[in-house]
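Contents: one structure, followed by commentary.
Start at 1 with the first residue, then count along the sequence.
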Amino acid sequence: MIELARQYGRYGYRRIAALLKAAGWQVNDKRVERLWRREGLKVPYKQPKRGRLWLDDGSCIRLRAEYTNHVWSYDFVHHRTDDGRVFRTLNVVDGHSRECLAIRVKRKLNSTDVIDVLTDLFILRGVPGYIRSDNGPEFIAEAVRDWIAAVGVKTAYIQPGSPWENGYVESFNARLRDELLNGEIFYSLREAQIVIEQWRKHYNPVS
């Protein structure tokens with residue numbers, strides 16, 4: 001456990017437990033947590049409370065994912081290549097399994113890219129019950145709203161200035177930045193696309 005914590009310095013005990021199980025150790029999360037505390041290792045903070053969400057029909061709910069493909073969340077992250085040019089990632093996360101379904105990396109991302117990514121995911125994984133996002137222009141563009149409604153998915157937009165209402169994808173964004181982006185120099189967009197996709201595939205089995 002200590003060796004894994006040293007190797008994956010930003011992982012909490014749950015992700016370390018998952019790595020141990022994958023390596024054949026017969027341990028549960030509670031046992032790893034006890035050992036984690038005994039060794040004085042960092043225990044992640046609890047997930048902050050989430051507020052209510054407004055649906056596109058004006059109604060207000062507390063939307064919590066109850067099964068895989070029930071609620072997907074998506075959001076953007078900004079970063080730069082070594083030459084100072086900005087690129088963006090569009091991250092899509094399943095709120096129940098916590099799996100990162102996709103990360104699209106481009107210099108510019110717009111409503112067309114949102115539709116393109118979601119189309120691929122709908123074909124591969126089926127249509128979710130809800131899609132949760134903030135009120136950014138890429139998410140509430142008329143083309144996106146009309147398309148999402150046409151395929152029978154309900155949208156849940158968080159209140160402006162309330163990122164905690166989209167806590168799972170915000171937590172994922174923080175991990176992406178902390179575990180990868182802050183420690184890498186990307187010399188080209190293509191390099192960023194390859195390295196970020198490799199990280200996504202590694203993240204999912206141990207998240």
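Between the side chain of Arg177 and the backbone N or O of Leu181 there is no donor-acceptor pair closer than 3.5 Å. A distance-only check finds no donor-acceptor pair linking the side chain of Asp178 to the backbone of Arg175 [under 3.5 Å].
Not less than 6.0 angstrom separates the ring centroid of Trp36 from the ring centroid of Tyr11.
Rounded to the nearest 0.5 angstrom, Asp146 CG and Ser111 OG are separated by 11.0 Å. With rounding to the nearest 0.5 angstrom, the CG atom of Asn204 is 13.0 Å from the CZ atom of Arg98. In this structure, the separation between OG on Ser97 and NE2 on His70 is 13.0 Å, given to the nearest 0.5 Å. One distance of note links CZ of Arg34 with CD of Glu39; it measures 13.5 Å at 0.5 Å rounding. Atoms CD1 and CG, from Ile2 and Leu35 in turn, are 8.5 Å apart once rounded to the nearest 0.5 Å. Residue Glu184 holds its CD atom at 5.0 Å from CZ of Phe186, rounded to the nearest 0.5 Å.
Linking ILVMFWY residues whenever their side-chain heavy atoms come closer than 4.5 Å, directly or via other members, places Val92 and Val151 in the same cluster. Connection of Ile194 to Tyr203 is not established within any shared hydrophobic cluster, with ILVMFWY side chains joined at heavy-atom distances below 4.5 Å, either directly or through further cluster members.
For Asp83, the side-chain hydrogen bond (donor to acceptor under 3.5 Å, both in side chains) partners two or more places apart in sequence, or in a different chain, are Thr81. Among residues two or more places apart in sequence or in another chain, the side chain to side chain contact (heavy atoms under 4.5 Å, CB included) test is passed with Arg125 by Asn69, Trp72, Glu99, Leu101, Leu121. With sequence neighbours excluded, no residue satisfies side-chain hydrogen bond (donor to acceptor under 3.5 Å, both in side chains) with Asp82. Partners of Val27 by side chain to side chain contact (heavy atoms under 4.5 Å, CB included), not counting sequence neighbours, listed by chain and number: Leu20, Lys21, Trp25, Val32. For Asp116, the side chain to side chain contact (heavy atoms under 4.5 Å, CB included) test picks out Arg104, Asp120, with sequence neighbours left out. Take Glu66 and apply the side-chain hydrogen bond (donor to acceptor under 3.5 Å, both in side chains) test, not counting sequence neighbours, and it matches no residue. Scored by the side chain to side chain contact (heavy atoms under 4.5 Å, CB included) test, His96 finds Ala65, Thr68, Asp94 as partners (sequence neighbours excluded).
Arg15 has a carboxylate O that lies under 4.0 Å from a charged side-chain N of Glu179, or vice versa, which qualifies the two as a salt bridge.
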For this session: Any chance you could lay out the side chain to side chain contact (heavy atoms under 4.5 Å, CB included) test for Leu118 and Ile131, step after step, and finish with the verdict?
Result: CA-CA 10 Å; Leu118 292 179; Ile131 290 182; 3.9 Å; yes
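At least one side-chain heavy atom of Glu170 sits under 4.5 Å from a side-chain heavy atom of Asp75. Annotation: side chain of Val77 is not in contact with side chain of Ile103 (no heavy-atom distance under 4.5 Å). Counting heavy atoms from C-beta on, the side chains of Pro128 and Phe122 come closer than 4.5 Å. Inter-residue side-chain proximity for Val105 and Phe87 is flagged as met; some heavy-atom pair is nearer than 4.5 Å.
Because its NZ or CZ atom is both nearer than 6.0 Å to the ring centre of Phe76 and within 45° of the ring axis, Arg88 counts as a cation-pi partner of that residue.
When each of Val93, Val117, Val114, Asn91 is tested with Tyr74 by the rule side chain to side chain contact (heavy atoms under 4.5 Å, CB included), just one qualifies, namely Val114. For the salt bridge (charged side-chain N to carboxylate O under 4.0 Å, His left out) test with Asp113, the passing option among Arg107, Lys108, Lys106 is Lys106; the others fail.
Here Tyr187 is tied into one hydrophobic group with Ile185, each link being a pair of ILVMFWY side chains closer than 4.5 Å.
Within a 6.0 Å radius of CZ in Arg31, other residues, nucleotides and ligands contribute 12 heavy atoms or fewer.
The stretch residues 190-200 participates, sequence neighbours left out, in these salt bridge (charged side-chain N to carboxylate O under 4.0 Å, His left out) pairs: Glu197-Arg200.
Heavy-atom minimum distance, Ala5 versus Leu41: CB-CD1, 4.2 Å.
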